[in-house]
Student: 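Below: one structure in structure tokens.
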Amino acid sequence: MKKINNYFELGLFFNGIWILSNSFNLLPSFIEGLCCGVGLTLILIGMYAQNHDISKLRIYKKRLLKKVFHF
């Protein structure tokens, strides 16, 4: 069995928050929807990353952060 990558773990975390909040009505609807969407997106990226090379995505994220924060 392959090790779970960080994208998948973070996606499961956000979906766990969404499930708990949905059950006990802890967060506003907008934040619940945001947690659900971000969680599903990260899970899908994590599933894609297990079989494909995503180094281009990492390079793009680093360039974007450098532009935003002017490192």
Side-chain angles (χ1 to χ4, degrees):
M1 185 171 163
K2 292 183 180 180
K3 183 183 177 290
I4 297 176
N5 58 21
N6 292 338
Y7 294 111
F8 202 78
E9 282 183 3
L10 200 56
L12 288 175
F13 176 73
F14 277 116
N15 276 340
I17 289 173
W18 172 70
I19 289 172
L20 286 174
S21 176
N22 203 13
S23 298
F24 299 114
N25 203 13
L26 300 173
L27 297 173
S29 296
F30 176 75
I31 306 242
E32 284 182 2
L34 193 65
C35 283
C36 180
V38 169
L40 288 175
T41 303
L42 288 172
I43 287 173
L44 291 174
I45 290 173
M47 288 170 50
Y48 181 81
Q50 286 193 357
N51 296 327
H52 298 86
D53 182 31
I54 60 166
S55 61
K56 289 182 182 180
L57 177 65
R58 289 184 183 164
I59 292 170
Y60 175 75
K61 287 190 316 187
K62 286 181 183 179
R63 285 185 189 160
L64 185 65
L65 286 175
K66 283 182 182 179
K67 286 181 183 178
V68 169
F69 294 117
H70 302 289
F71 285 121

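Numbers here simply count residues along the sequence, with the first being 1. Reckoned from all heavy atoms, side chains included, excluding hydrogens, waters and symmetry mates.
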Student: Of the non-hydrogen atoms in E9 and I4, which two are nearest, and what is the gap between them?
Tutor: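 In this case the closest contact between E9 and I4 is CG-CG2, 3.6 Å.
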Student: Applying the 4.5 Å side-chain criterion to the ILVMFWY set and letting contacts propagate, would L42 and I54 be lumped into a single cluster?
Tutor: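 Yes, because L42 and I54 connect within a single hydrophobic cluster, where side-chain heavy atoms sit under 4.5 Å apart.
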Student: Test: ring pair (Phe, Tyr, Trp, His ring centres under 6.0 Å). Region: residues 4-27. Which pairs qualify, not counting sequence neighbours?
Tutor: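 Every pair satisfying ring pair (Phe, Tyr, Trp, His ring centres under 6.0 Å) with a residue in residues 4-27: there are none.
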Student: For residues 25-41, please give each side-chain donor-acceptor pair under 3.5 Å, one per line with the distance, not counting sequence neighbours.
Tutor:
| from | atom 1 | to | atom 2 | distance (Å) |
| --- | --- | --- | --- | --- |
| E32 | OE2 | S21 | OG | 2.9 |
| T41 | OG1 | G37 | O | 2.8 |

Student: Test: ring pair (Phe, Tyr, Trp, His ring centres under 6.0 Å). Region: residues 34-58. Which pairs qualify, not counting sequence neighbours?
Tutor: Y48-H52
Student: Find the distance between CD1 (I17) and CG (N22) and round it off to the nearest 0.5 Å.
Tutor: 13.0 Å
Student: Of the non-hydrogen atoms in Q50 and K3, which two are nearest, and what is the gap between them?
Tutor: NE2-O, 4.0 Å
